[in-house]
J.: 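Quick one: this structure, given as structure tokens, is what I'll be asking you about.
Heavy atoms only: backbone and side chains are in, while hydrogens, waters and symmetry mates are out.
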Amino acid sequence: MTPHNEPQQFLSPELSHRLAAIDIGSNSLRLIVAEALRDGQYRVLDEEKETTRLAGKLSSTRRLDPEAVERAMTALMRMKQIAEGYQVNELKCIATCAVREADDGEEFRRRCKQEIGLDVEVISGEQEAHLAFFSVARAFQLEGKDVAVCDIGGGSTEIILASGNIVEAVCTTPLGAVRLTEMFADEQGQYGDDYEKMVEWIDRELKRRTKQAILRPHLLIGSGGTFTALADMIAAGRGQPGMPRRGFEVTRAEVSHMVDRLRKMSAKARRTVPGLSPDRADIITAGVTIIDRLMQHFRVNRVQVHDRGVRDGLLLTMIDRTLGPQGDNPHDQEAAIERFALTCGTDVKHGKQVAKLAGMMLSQLIGTHELTTEDRPLLEAAARLQDVGYLINYDQHHKHSYHLILNSRLAGFKPGDLEIIANVARYHRGSLPKKKHSGYGRLSKADRKRVKKLAGILRIAGGLDRSNSQNVQGVQVVEHEGKIMLRVVAQTNPEVDIWAADRRTELFEEAFGAKVEIAWADPNMPEEPANAAAHEAAAAERASADAQPEESASTSVEAVVGDESAAADDSASLVDSDNSSPSASAQDDDAELSSISESAESVAAPNSNKSDEKSRRRRDAKSRKPSKAK
């Protein structure tokens, strides 16, 4: 965004991309018209605000205030005409808590459509929180900081806990400035003895709604009218009226002092407080009390004010969607996964190795176990992101990984895909999936089965790089007589990796209903055939070993790599290169398989030389034996 005091030059509508966003909040309606810039930012062309108090009677009646609805309809008609006057390319209108909770919310939306021609999208509390966070993340340098981003509205407060730009938890609460004023203040806007009841209610809701959150922030960043009003009042009290709001910092002591001052004032006296807009005077005490209790709850001593919020986040997402790269591009998936993994400080090489082995195993199980090629990018993403929870804490990091992935909004993945990825990563270690686990339990029955199978594969693949040496080159999956045998291709004996994988087979065996056997496909030892036909073929080869030593020497390698090549033709890929996307092409896989074959043949070569030497010695021995007389 361009600063207000900087001279602006606007392109004509024919040469620019113009957008408009309307936010129907519980306290007010706001319009912003902007011109999109190529760097993902925008120039503000116009803004409009109307205080309506849609949530004025929501707590007591469960309905929108009828008079407020009529004010809102008039304001929305005017805002739509302003946007059309700027010839905007796109107009988006969202509604938040009041319309979301009201019993007559759908009726309000219907009227907006029929009377104004305005499509109103009601967004969830989680969506509202993400829009506010997106706005903050674009405006503040969050790297290296554990923060709580709080957006206080008229009907609710949304809280995002994040480490840098990585969201750890999203908490929605019914703590709105209009709602609390209606619940605890009298007609004169005074609280009396009910003020302490309001504080207790706020504390109780914060404790209940944030109990799953583990990250403890060092800083609180606030968006919404309550925070900007606080900044204006504190700046005026410091003798610095007109100070820029963005980044304005307030201490806990200043917030507590302001609360004590406001609650003792009459409604009329509050309208004269320097820096406070008169139309917010009746709800400001409840709003600043929410800030005070948030700081107390999270034990932070500083709050920084953001002068934008949900509406800004909405505009930025519209710009990214219109002018930025498309989210369903697999290269965007790859870049998003790589960036996310690096930001969280994971071991990228280990993650890619586990993803490669997991994808290879999956491709050989497709078709017979209700798994499809669409599962592969989800499994590989889970493999590469399974350890992002280290960002929060090593202990229980798999649970932290679940929350971080779920809230990551990775490019190219739908919300349903992220739920699968997050759950698969969640169960790469620790307890087995249980319906009582909230994230797993809310999945459909089919997706729960899917997660168990993918997580079972991931556990074994993770074990196969327990040494963190990337020694294992590939895995051949052979199913025979109720067993699933995994033949591990490696240059040297992967003893530690197989030991670790063996300890992680329980979930796989439960999900696939088969016992698992894991063995090294030693290129220097004959390979045990997987079925009767192979047994006969191997017997024939052994019978002719003296005559054809070269074939005998390479049999074990071909048994492993040859079958992998066949599986690659059927399944699109068995092995991915380190730099491939989660859905790598079959061409890349063929190249990787060729590399494995060449590597395996080089391992087999010394054994072949040994076989040649043994055959030569046998022939020499026979030639030296005296022939028997007839």
J.: Hey, is NZ on Lys207 packed in by over 12 heavy atoms from elsewhere, all under 6.0 Å?
T.: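 Count not over threshold, so no.
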
J.: So, does Ser256 use its side chain to make a donor-acceptor pair with the main chain of Ala253 at under 3.5 Å?
T.: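 Between the backbone of Ala253 and the side chain of Ser256 there is no qualifying donor-acceptor contact (under 3.5 Å).
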
J.: So does Arg280 get a backbone contact from the side chain of Ser277, meaning a donor-acceptor N/O pair under 3.5 Å?
T.: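 Not a single qualifying donor-acceptor pair exists.
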
J.: Please name the pair of heavy atoms, one in Ala425 and one in Leu458, separated by the smallest distance, quoted to 0.1 Å.
T.: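 Result for this residue pair: CA-CD2, 4.5 Å.
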
J.: Just so I know, are the side chains of Thr346 and Val348 near enough to count as touching, which here means a heavy-atom distance under 4.5 Å?
T.: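 Sidechains of Val348 and Thr346: in contact.
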
J.: Check the side chains of Gln296 and Arg252 for a donor-acceptor pair under 3.5 angstrom, ignoring hydrogens and angles.
T.: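 Side chains of Arg252 and Gln296: pair found under 3.5 Å.
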
J.: Is there side-chain contact between Ile420 and Leu454, with at least one heavy-atom pair below 4.5 Å?
T.: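 Yes, their side chains come closer than 4.5 Å.
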
J.: Hey, is Lys352 close enough to Glu338 for a salt bridge, meaning N to O under 4.0 Å?
T.: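 Salt bridge: yes.
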
J.: Sequence neighbours excluded, which residues qualify as side-chain contact (heavy atoms from CB on, under 4.5 Å) partners of Arg302?
T.: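 With sequence neighbours excluded, Arg302 shows a side-chain contact (heavy atoms from CB on, under 4.5 Å) to Leu219, Glu249, Gln304, given in chain and number order.
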
J.: Can you find a side-chain donor-acceptor pair between Gln470 and Asp465 that sits under 3.5 Å?
T.: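 Checked: Gln470/Asp465 side chains pair up, N/O donor to acceptor below 3.5 Å.
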
J.: Between OG1 of Thr285 and CZ of Phe184, what distance do you get to the nearest 0.5 Å?
T.: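 Nearest 0.5 Å value for the OG1-CZ distance: 14.0 Å.
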
J.: Can you confirm whether more than 12 heavy atoms, excluding those of Arg209, are under 6.0 Å from its CZ atom?
T.: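 Count over threshold, so yes.
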
J.: Only counting residues at least two apart or in another chain, list the ones meeting side-chain contact (heavy atoms from CB on, under 4.5 Å) with Ala231.
T.: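 Partners of Ala231 under the side-chain contact (heavy atoms from CB on, under 4.5 Å) test: Phe248, Val305.
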
J.: Please examine the side chains of Val303 and Ile221, heavy atoms only from C-beta on, and report whether any two atoms are closer than 4.5 Å.
T.: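 A side-chain contact under 4.5 Å is absent here.
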
J.: Tell me every residue that passes ring pair (Phe, Tyr, Trp, His ring centres under 6.0 Å) with Tyr440, counting only those two or more places apart in sequence or in another chain.
T.: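 Testing Tyr440 for ring pair (Phe, Tyr, Trp, His ring centres under 6.0 Å), a comparison that skips the adjacent residues, returns Tyr427.
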
J.: Sequence neighbours excluded and cut-off under 3.5 Å, please list the side-chain donor-acceptor pairs for residues 148-162, or say none.
T.:
unit_1 : atom_1 : unit_2 : atom_2 : d
Asp151 : OD1    : Ser223 : OG     : 2.6
Ser156 : OG     : Glu158 : OE1    : 3.2
Ser156 : OG     : Glu158 : OE2    : 3.1
Thr157 : OG1    : Leu175 : O      : 2.4

J.: Residues two or more places apart in sequence or in another chain: which of them pass salt bridge (Lys or Arg N to Asp or Glu O under 4.0 Å) with Arg504?
T.: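 Result, salt bridge (Lys or Arg N to Asp or Glu O under 4.0 Å) vs Arg504: none returned.
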
J.: Mind checking salt bridge (Lys or Arg N to Asp or Glu O under 4.0 Å) for Arg311 and listing every partner two or more places apart, or none if nothing turns up?
T.: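 Per chain and number, Arg311 pairs via salt bridge (Lys or Arg N to Asp or Glu O under 4.0 Å) with Glu47.
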
J.: How close do Thr172 and Gly125 get, counting heavy atoms only, and between which atoms?
T.: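 Shortest heavy-atom contact: CG2-C, 3.5 Å.
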
J.: Taking 4.0 angstrom as the limit, do Arg109 and Glu106 come out as a salt bridge?
T.: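 Salt bridge between Arg109 and Glu106, a charged N being under 4.0 Å from a carboxylate O: yes.
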
J.: Tell me which pairs pass salt bridge (Lys or Arg N to Asp or Glu O under 4.0 Å) where either residue lies in residues 120-142, with sequence neighbours left out.
T.: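 Output for this query lists Lys92-Glu121, Arg100-Glu128, Arg138-Asp320.
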
J.: With side chains defined as the heavy atoms from C-beta onward, is the minimum distance between Leu19 and Ile319 less than 4.5 Å?
T.: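 Yes, at least one pair of side-chain atoms sits under 4.5 Å.
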
J.: Do side-chain atoms of Thr228 reach the backbone of Asp307 as a donor and acceptor pair under 3.5 angstrom?
T.: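 Side chain of Thr228 to backbone of Asp307, a donor-acceptor pair under 3.5 Å: no, none is there.
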
J.: Can you tell me how far the CZ atom of Arg299 sits from the CZ atom of Arg216, to the nearest 0.5 Å?
T.: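 Result: 7.5 Å between the selected atoms.
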
J.: So which heavy atom on His437 is nearest to which on Ser431, and how close?
T.: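 Of all heavy-atom pairs spanning His437 and Ser431, the closest is CE1-OG, 3.5 Å.
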
J.: OG1 of Thr226 to CD1 of Ile284: how many Å apart, nearest 0.5 Å?
T.: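 The distance works out to 5.5 Å.
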
J.: Is any side-chain heavy atom of Glu50 less than 4.5 Å from a side-chain heavy atom of Ser28?
T.: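 Not touching, per the 4.5 Å side-chain cut-off.
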
J.: Considering non-hydrogen atoms only, spot the tightest contact between Gly25 and Thr96 and give its length.
T.: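 Heavy atoms only, the tightest pair is CA-OG1, 3.5 Å.
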
J.: For the backbone of Ser124 and the side chain of Gln127, can you confirm whether one donor and one acceptor N or O come within less than 3.5 Å of each other?
T.: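 Present.
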
J.: For Asp375, run the salt bridge (charged side-chain N to carboxylate O under 4.0 Å, His left out) check against Arg450, Lys449, Lys453 and tell me which one passes.
T.: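 When salt bridge (charged side-chain N to carboxylate O under 4.0 Å, His left out) is applied between Asp375 and each of Arg450, Lys449, Lys453, only Arg450 qualifies.
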
J.: Looking at Tyr42 and Ala36, what are the two nearest heavy atoms and their distance?
T.: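 Smallest heavy-atom distance, with atoms named: CB-CA, 4.3 Å.
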
J.: Does anything in residues 139-171 form a ring-ring contact (aromatic ring centres under 6.0 Å, His included)? List the pairs, not counting sequence neighbours.
T.: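 Found Phe140-His306.
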
J.: I'd like to check Leu294 versus Val300 (side-chain heavy atoms, cut-off strictly below 4.5 Å). Are they in contact?
T.: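 Leu294 does not reach Val300 side chain to side chain.
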
J.: Can you see whether Ser163 engages Asp146 through a side-chain donor-acceptor pair at a distance of less than 3.5 angstrom?
T.: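 Present: a donor and an acceptor within the cut-off.
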
J.: Restricting to non-hydrogen atoms, name the atom on Ile32 and the atom on Leu315 that form the minimum distance, rounded to 0.1 Å.
T.: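 Taking Ile32 first and Leu315 second, the nearest heavy atoms are CG2-CD1, 3.5 Å.
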
J.: Going by the rule side-chain contact (heavy atoms from CB on, under 4.5 Å), which residues pair with Ala286 if we only count those two or more places apart in sequence or in a different chain?
T.: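 By the side-chain contact (heavy atoms from CB on, under 4.5 Å) rule, Ala286 matches Leu180, Thr181, Tyr191, Met198.
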
J.: Hey, is Arg30 close enough to Asp23 for a salt bridge, meaning N to O under 4.0 Å?
T.: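 Salt bridge flag = no for Asp23 with Arg30.
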
J.: Supply the atom-to-atom distance Leu378 CG to Asp417 CG, rounded to the nearest 0.5 angstrom.
T.: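 Those atoms lie 5.0 Å apart.
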
J.: Per the salt bridge (Lys or Arg N to Asp or Glu O under 4.0 Å) rule, what does the pair list look like for residues 436-445, sequence neighbours excluded?
T.: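 Found Glu419-Arg442.
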
J.: Asp292 side chain to Val255 main-chain N or O, any donor-acceptor pair under 3.5 Å?
T.: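 No, Asp292 side chain to Val255 backbone: no donor-acceptor pair under 3.5 Å.
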
J.: Would you mind reporting whether Leu29 and Leu76 have side-chain heavy atoms less than 4.5 Å apart?
T.: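 Counting from C-beta outward, Leu76 and Leu29 do come under 4.5 Å.
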
J.: Given Leu357 and Val354, is the side chain to side chain contact (heavy atoms under 4.5 Å, CB included) satisfied, shown in steps?
T.: CA-CA 5 Å; Leu357 300 178; Val354 174; over 6 Å; no

J.: I'd like to check the salt bridge (Lys or Arg N to Asp or Glu O under 4.0 Å) partners of Asp347; sequence neighbours left out, ordered by chain and number.
T.: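 None.
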
J.: Does Arg448 offer a backbone N or O that forms a donor-acceptor pair with the side chain of Lys452 under 3.5 Å?
T.: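 Flag not set: sc Lys452 to bb Arg448 has no pair under 3.5 Å.
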
J.: Looking at Asp103, is its backbone amide N or carbonyl O close enough to the side chain of Arg62 to form a donor-acceptor pair, meaning the two atoms are under 3.5 Å apart?
T.: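 Here the side-chain-to-backbone pair does not exist.
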
J.: Once you round to the nearest 0.5 Å, how far does CD of Glu101 lie from OG of Ser59?
T.: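 The CD atom of Glu101 sits 8.0 Å away from the OG atom of Ser59.
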
J.: Just checking, is any N or O donor in the side chain of Asp387 or His397 under 3.5 Å from an acceptor N or O on the other one?
T.: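 Yes, His397 and Asp387 have a side-chain donor paired with an acceptor closer than 3.5 Å.
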
J.: How long is the straight-line distance from CG of Asn301 back to CG of Leu220, given to the nearest 0.5 Å?
T.: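 Here the interatomic distance stands at 11.0 Å.
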
J.: Let's go through Arg384 and Glu334 carefully: what are the C-alpha distance in whole Å and the side-chain angles of both, what is the deciding distance for salt bridge (Lys or Arg N to Asp or Glu O under 4.0 Å) to 0.1 Å, and is it a yes or a no?
T.: CA-CA 10 Å; Arg384 293 174 63 180; Glu334 166 65 21; 2.7 Å; yes

J.: Would you indicate whether the side-chain heavy atoms of Phe227 and Val250 approach each other to under 4.5 Å?
T.: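 No, too far: nothing below the 4.5 Å cut-off.
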
J.: Quick one: list whatever passes side-chain contact (heavy atoms from CB on, under 4.5 Å) with Ser26, sequence neighbours left out.
T.: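 Ser26 satisfies side-chain contact (heavy atoms from CB on, under 4.5 Å) with Ala55, Cys97, Ala98 only.
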
J.: Output, in order, the C-alpha distance, side-chain angles, deciding distance and verdict of side chain to side chain contact (heavy atoms under 4.5 Å, CB included) for Phe340 and Ile405.
T.: CA-CA 9 Å; Phe340 190 38; Ile405 295 169; 4.2 Å; yes

